[in-house]
Amino acid sequence: MSAASAKYGPDVDKRKKVTSADILSRKQGDKIVTVTAYDYSMAKLVDGAGVDIILVGDSLGMVVLGYPDTTRVSLGDMVHHTAAVVRASPGALVVADLPFLAAGVSARDTIGNAGRLIREAGAEAVKLEGGVRVRDEIRALVDCQIPVMGHVGLTPQSVHAFGGFKIQGKTQEAADRVVRDAVAVQEGGAFAIVLEGIPSRLGERITHELDIPTIGIGAGPGCDGQVLVLHDMLHLFLDFTPKFAKVYADVGAATRDALVNYCKEVREGRFPADDHCY
Ligand code: KIV
């Protein structure tokens with residue numbers, strides 16, 4: 001690959017690194033664009049496209065590692081994949097997920113685990129799921145100078161407690177509970193919060209009530225930004241596509257077609273041709 005073809009997007013080299021402070025200041029400004037990535041080559045494309053935040057999500061467990069949910073992802077998995085993304089991301093803010101039980105048990109453990117994502121992998125912020133129950137842990141991380149993104153609503157690590165991937169906040173009481181969680185995340189000192197799998201009206205209400213930016217996924221258009229799982233938007237994850245995801249390009253089909261063509265050409269003796277030989 002030539003040096004020129006390794007760059008994507010017109011202003012990649014001129015872009016200043018996005019910081020958590022920049023994201024916080026975008027509450028009243030331009031929408032915040034967030035996409036997940038888990039490896040070097042994809043992160044290079046995502047960063048080059050000019051997204052604001054690359055989230056190394058623990059959705060890694062489902063779309064890359066093939067687990068049925070995110071609860072089997074280890075901190076070691078997250079450190080390994082975050083480091084690869086960091087090496088490809090000179091522009092976007094890189095946020096790494098604290099996986100199941102790496103947060104929410106004790107502040108001391110959470111600080112140690114977040115510290116690995118920052119020190120060993122080079123993440124610039126961490127994300128953790130939960131609201132009221134993790135407010136003090138968010139505060140402890142922020143006190144240690146670790147920027148934190150919160151995550152409330154349909155938090156995938158709670159899949160067993162919820163009894164499945166179920167939309168949250170559908171009744172008045174449930175909606176009030178999600179609002180209390182979001183407020184707790186803000187009180188803990190998070191610079192932004194992901195709202196997942198809640199009715200659009202609730203997404204709008206929380207966005208209105210909070211001073212920190214909200215980043216929605218299945219939370220409607222009223223949020224301050226949006227996040228999508230890369231493998232959903234490129235149709236690379238074939239098991240299912242959630243209702244909230246939009247397929248921007250069917251890279252899954254293009255990949256399959258390319259591979260079918262490769263099989264054919266090798267079997268017919270058409271590859272390698274003269275151009276590919278020394
Ligand atoms: O793990 C992930 O990709 C996430 C997003 C769905 C927000 O947490």
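Whatever order the structure lists ligands and atoms in, that order sets their numbers, starting from 1. The shown structure was predicted, so the numbers you read here are calculated from the model rather than taken from an experiment.
- Close approach to D97 involves these atoms of ligand 1, each under 4.0 Å from a residue heavy atom: 1 (O), 2 (C), 8 (O).
- In summary, the atoms of ligand 1 found under 4.0 Å from a heavy atom of T36, numbered by their order in the structure, are 3 (O).
- No side-chain donor from either of S41 and D39 sits under 3.5 Å from a side-chain acceptor of the other.
- What sits closest to atom 6 (C) of ligand 1 on the protein, heavy atoms only, is I217 CD1, 3.6 Å.
- When each of V227, L195, D232 is tested with I217 by the rule side-chain contact (heavy atoms from CB on, under 4.5 Å), just one qualifies, namely V227.
- At a heavy-atom cutoff of 4.0 Å, ligand 1 is contacted by both the backbone and the side chain of D58.
- One side chain, T19 or D22, offers a donor N or O that lies under 3.5 Å from an acceptor on the other.
- Put simply, CG on L236 and CG on L230 are 7.0 Å apart, with the number rounded to the nearest 0.5 Å.
- Under a hydrophobic clustering in which Ile, Leu, Val, Met, Phe, Trp and Tyr are joined whenever their side-chain heavy atoms come within less than 4.5 Å, directly or via other members, V126 and F100 fall into different clusters.
- In this structure, K44 forms no cation-pi arrangement with Y40, as its terminal cationic atom is not both closer than 6.0 Å to the ring centre and no more than 45° off the ring axis.
- At the shortest separation from atom 8 (O) of ligand 1 among protein heavy atoms lies K127 NZ, 2.9 Å.
- Nearest protein heavy-atom neighbour of atom 2 (C) of ligand 1: S59 OG, 3.3 Å.
- Of all heavy-atom pairs spanning P68 and R72, the tightest one is CG-NH2, 3.5 Å.
- Residue E129 places no heavy atom under 4.0 Å from ligand 1.
- Within ligand 1, counting atoms from 1 as listed, the ones closer than 4.0 Å to a heavy atom of G57 are 1 (O), 2 (C), 3 (O).
- Of all protein heavy atoms, the one closest to atom 5 (C) of ligand 1 is L55 CD2, 3.7 Å.
- In summary, the atoms of ligand 1 found under 4.0 Å from a heavy atom of E196, numbered by their order in the structure, are 6 (C).
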